[in-house]
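Worth knowing before you read on, the calculation uses all heavy atoms, side chains too, and leaves out hydrogens, waters and symmetry mates. If you're wondering where the values come from, they're calculated on a predicted model, not measured in any experiment.
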Amino acid sequence: MLRRILDYSSRADPYPLYAELRRTPVARQADGSYVISTYREIADILHNPQLSSDTRNLSHPTAGAEEQTTPAFINLDPPEHDRLRRMAMRHFGPPHTPGLVTGMEPSLTATVSSLIDDFAGKKQIDIVDDFAYPFPVTVICHLLGVPREDEPKFHLWVDDVVNSIDYDPKTDPKEKMEKGVQARKDLRQYLGGLLQQRHGRSGDDLLSRLANDDGPDGRMTDEEIVATANLLLIAGHETTVNLITNGMLTLLRHPQVLQRLRNEPDLVVPLVEELLRYEPPVHIIPWRAAYSDITVADTVIPKGSQIMLMLASGSRDPDRFHDPDRFDPDRCDNQHLGFGSGIHLCFGGPLARRETQIALTELVRRLDRPSLVADPPPYRRSPVLRGPIHLHVEQGGE
């Protein structure tokens, strides 16, 4: 079943396969890994201190894990994870910079408006290339202090990194992993060069703040800053591109909801939460490692085993959500897994939410009778970060 889910032919609609997978909440794979697909079990695992996010705790490390580099805090456990996340959060959100996201709203709205202005006179647009990619990339470059003109360079590196996330040595060419490893090196070297320019210089961008500010936990090392910036650059735009694109696709498939959002802009807040449940940007956490033998749904998972968490399957679990395959922006008690849960709850979630809320509100308000050119659209290769690679939309139709 997992093989069918990961196969590209299932990318457009993996949800029926997830339903089959949930019949066995914890499924042992031939390679000794375990796939967890039901909401309660995934949520429990994400809050279980016996689960590690550090590849060094796997009995059989995943491909590429042998790289001797400083991991980002997303791939570390307490207390190191907590220390680095605290240090990054000082400059990214509450409690030290509580107004960061709200303070960015004017520039977010201006960027969105400018991109939509460029649609004028175009009968067909690509929501991905013309909007959903350039918007969050502009935002994260500004936040980090990365020159926007360098985007074509790191775009290629990010693509190679993302393409290697789900590398399978049994089916994928070795070149796929090699390109990912090289792209990580190139991206780290690039960010390291930018960081060297920021030492001793005050600035409002995140690289400058991390390079020069001392907090209660001291200061990050250069390697830790580069790892954090690398994480934010990739996660800060890749997931938001998918969230905005999946959102527009979902609205075009539900024209009554699209019209309602046009008439009721405040609907966008619960709508984005439902979108995070119904068509999330991250479908799978490819691995966790068990510190010790643990029991999940009557299945004993041995120490060191690789555990794969099917977040998108959990968010469609009928034992947790009523009528889970229906898109319902009025849904109550919507504790989805779209941003994960527990200590690794998505660091940039508040910003991604607000970007998507502004993006969808303005697209719906300003596009002229939009319609899909192809349904389903072509999808990205990755089953982990799932979204259309293009979303062509016509406007001005009947």
Which heavy atom of [X] sits nearest to which heavy atom of [Y], and what is that distance?
{"X": "Gly218", "Y": "Met87", "answer": "O-CE, 3.5 Å"}
{"X": "Leu207", "Y": "Ala229", "answer": "CD2-CB, 4.0 Å"}
{"X": "Phe327", "Y": "Val257", "answer": "CE2-CG1, 4.0 Å"}

TODO: Answer with yes or no after comparing the ring centroid distance for His283 and Tyr15 against a 6.0 Å cut-off, counting only values under it.
DONE: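 Here the rings of Tyr15 and His283 have centres that are less than 6.0 Å from each other.
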
Task: Those residues that, when tested against Glu41, pass salt bridge (charged side-chain N to carboxylate O under 4.0 Å, His left out) (two or more places apart) - done: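 With sequence neighbours excluded, Glu41 shows a salt bridge (charged side-chain N to carboxylate O under 4.0 Å, His left out) to no residue whatsoever.
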
salt_bridge([X], [Y]) N-O dist < 4.0 Å:
{"X": "Glu273", "Y": "Arg331", "answer": "no"}
{"X": "Arg83", "Y": "Glu224", "answer": "yes"}
{"X": "Asp160", "Y": "Lys176", "answer": "no"}
{"X": "Asp317", "Y": "Arg320", "answer": "no"}
{"X": "Glu394", "Y": "Lys122", "answer": "no"}
{"X": "Asp319", "Y": "Arg40", "answer": "no"}
{"X": "Asp293", "Y": "Lys303", "answer": "no"}

Task: Aromatic plane relationship, His336 with Phe339 - under 30° parallel, 30 to 60° tilted, over 60° perpendicular - done: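 Perpendicular.
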
Task: Aromatic Tyr8 / basic Arg381 pairing, under 6.0 angstrom, 45° off normal - done: yes

Task: Row check, Phe321 ring normal vs Arg277 NZ/CZ: under 6.0 Å, within 45° - done: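 Geometry flag: set, cation within 6.0 Å and 45°.
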
Open item on the list: If the condition is side chain to side chain donor-acceptor pair (under 3.5 Å), which residues does Arg90 pass it with, not counting sequence neighbours?
Closed with: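 Applying side chain to side chain donor-acceptor pair (under 3.5 Å) to Arg90 gives none.
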
TODO: Compare all side-chain heavy atoms of Thr221 with those of Thr70 and state whether any distance is below 4.5 angstrom.
DONE: no

Task: Verify same cluster id: Val128, Tyr379 (apolar side-chain graph, 4.5 Å) - done: yes

